[in-house]
Amino acid sequence: MKLSIAELTVEIFPAHELLQERVGPYLCDEDRQPDLCFDGVTERYYRDRAAEHPEITLAESEYLYSGVYFYEQLARFEGLMLHASAVELDGLCYLFSAPSGTGKSTHTHIWLRVFPGARIINDDKPAIRRVNGRFLAYGTPWSGKTDESVNVGVPIAGVCFLGRGENAIHRLTPSEAFPLFMDQTVRPYDKSLMLPMLQTLDTLLREVPFYQMTCDMTDDAAHMSRSAMQPTEELL
Amino acid sequence: MKLNENYIKTNVAGVACVIPVGEAVQEMHGMIKLNATADAIWDQLAAGRNEDEIVAALAGQFDVPADVLREDVRVFIGRLRELHILLD
């Protein structure tokens, strides 16, 4: 079947219900020429990955590792993945990244409650691509346990690495943000994909503002991150 | 001395570093940041130079006493060997 994800036409062959269900909102016209085809990713590959991780089923393996494949291949299309919860407000996307269990999703869900019109683009693994000279965050079928994702692309206002603590936020230089980003992305296995991925990351770090914050789980935290990260009038 | 092809040197956002790819991702999960000296030594290793040649080449680039530079080169090469980034 053909999907449209992050403005790419993707040909994929889901065998199990979990992936079949998640790709539903991304189905597109079957006549389109694929930019990316999953023909090299076989049932055997998913079976081998499931054997390495006895805690996951074959259907879960297909879901997880089809995502890993997609995110690695994004490197060929000026793209990469960030482990983050991406929230849209007033036509711009704000990404909050952190290791699992830190509270990035909790933070963006405070945004939903506090700021009317806010919505989640992808709650766990947004795709990021540079299209027509600007970086956008995209919903994908791979968005973690909750499946909160929308099939849209939204220009990125900023990226924030989040930790728990007293409310405080500061801007990061590109070189400070680089190792933090590397800890929260899918690193391509092949050199031929790693090199373009790093090139895209270099551009992203220079063109998009990065922040680091510690926060509690109160409404104040959402007001703080929004006012620090929203572009000022002159920049718009 | 030969650099392991599964480690690539790159520069992202002004940070010179070495990142594992392929089979090396099993060995190293992070990355190694390189200072200016280590960056220059890596380039010399990539060009196939031996330890003496590297010291000679870098003496012109860095304003460091010869014995300090020789020690830096020796330590960095030793570390790369331990990590199997530099082979034989």
Side-chain angles (χ1 to χ4, degrees), chain A residues 48-49 52-53 65 68-69 71-76 78-83 97 99-100 128 130 135 158-159 161 171-212, chain B residues 1-49 54 58 61-64 72 75-88:
Chain A
D48 288 350
R49 299 289 82 73
E52 287 168 11
H53 301 276
Y65 288 99
V68 170
Y69 180 78
Y71 290 124
E72 286 195 352
Q73 293 293 319
L74 270 180
R76 292 165 50 207
E78 285 192 85
L80 34 63
M81 180 277 259
L82 180 65
H83 187 211
S97 179
S100 300
I128 296 171
R130 192 167 193 268
F135 280 98
V159 179
F161 296 101
R171 190 75 189 260
L172 294 172
T173 64
S175 61
E176 289 168 338
F178 169 50
L180 299 173
F181 197 104
M182 288 298 282
D183 281 345
Q184 297 300 328
T185 187
V186 168
R187 295 186 186 200
Y189 184 86
D190 289 332
K191 192 189 284 191
S192 63
L193 293 171
M194 180 64 102
L195 290 171
M197 181 273 196
L198 291 169
Q199 204 164 18
T200 302
L201 178 54
D202 184 69
T203 311
L204 177 74
L205 291 164
R206 292 171 197 278
E207 293 186 357
V208 167
F210 280 76
Y211 304 82
Q212 188 165 38
Chain B
M1 292 195 292
K2 187 177 180 301
L3 287 167
N4 184 334
E5 288 181 356
N6 283 325
Y7 289 89
I8 52 178
K9 193 192 83 165
T10 184
N11 188 308
V12 176
V15 181
C17 61
V18 172
I19 292 177
V21 291
E23 286 167 13
V25 299
Q26 311 285 346
E27 309 261 326
M28 185 196 294
H29 298 293
M31 60 184 186
I32 304 173
K33 285 193 203 174
L34 304 179
N35 63 20
T37 314
D39 191 354
I41 297 170
W42 183 281
D43 290 342
Q44 294 290 326
L45 288 167
R49 308 259 156 71
I54 295 173
L58 267 55
Q61 284 182 43
F62 294 94
D63 189 18
V64 181
D72 282 353
V75 168
F76 185 58
I77 286 177
R79 188 79 188 110
L80 293 180
R81 281 220 171 86
E82 276 169 28
L83 294 167
H84 306 292
I85 296 173
L86 191 61
L87 309 170
D88 60 67

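Just so it is clear: chains get the letters A, B, ... in the order the sequence lines come, proteins before strands, and each one is counted from 1. All values below were derived from every heavy atom in this structure, side-chain atoms included, with hydrogens, water molecules and symmetry-related copies excluded.
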Contact leader toward chain A among B:Asn11, B:Asn6, B:Val25, B:Ile8, where contacts are heavy-atom pairs under 4.5 Å: B:Ile8
CD of B:Glu23: more than 12 outside heavy atoms within 6.0 angstrom? no
For A:Gln199, does the CD atom sit with more than 12 other heavy atoms under 6.0 Å from it, leaving out its own atoms? no
Indicate the atoms forming the closest heavy-atom contact of B:Ala13 with A:Ser175, along with that distance. O-CB, 3.5 Å
Side chains of B:Val21 and A:Tyr189 in contact at under 4.5 Å (non-hydrogen atoms): no
What pairs meet the salt bridge (Lys or Arg N to Asp or Glu O under 4.0 Å) rule with one or both residues in residues 187-203 of chain A, with sequence neighbours excluded? A:Asp202-A:Arg206
Pair B:Thr10-A:Met194, side-chain contact (heavy atoms from CB on, under 4.5 Å): steps then yes or no: CA-CA 10 Å; B:Thr10 184; A:Met194 180 64 102; over 6 Å; no
Return the set of residues passing salt bridge (charged side-chain N to carboxylate O under 4.0 Å, His left out) with A:Asp48 (not counting sequence neighbours), or none when no residue passes. A:Arg44
So for A:Leu198, is it side chain, backbone, both, or neither that comes closer than 4.5 Å to the heavy atoms of chain B? both
Are A:Pro179 and B:Lys33 side-chain neighbours, meaning at least one heavy-atom pair lies under 4.5 Å? yes
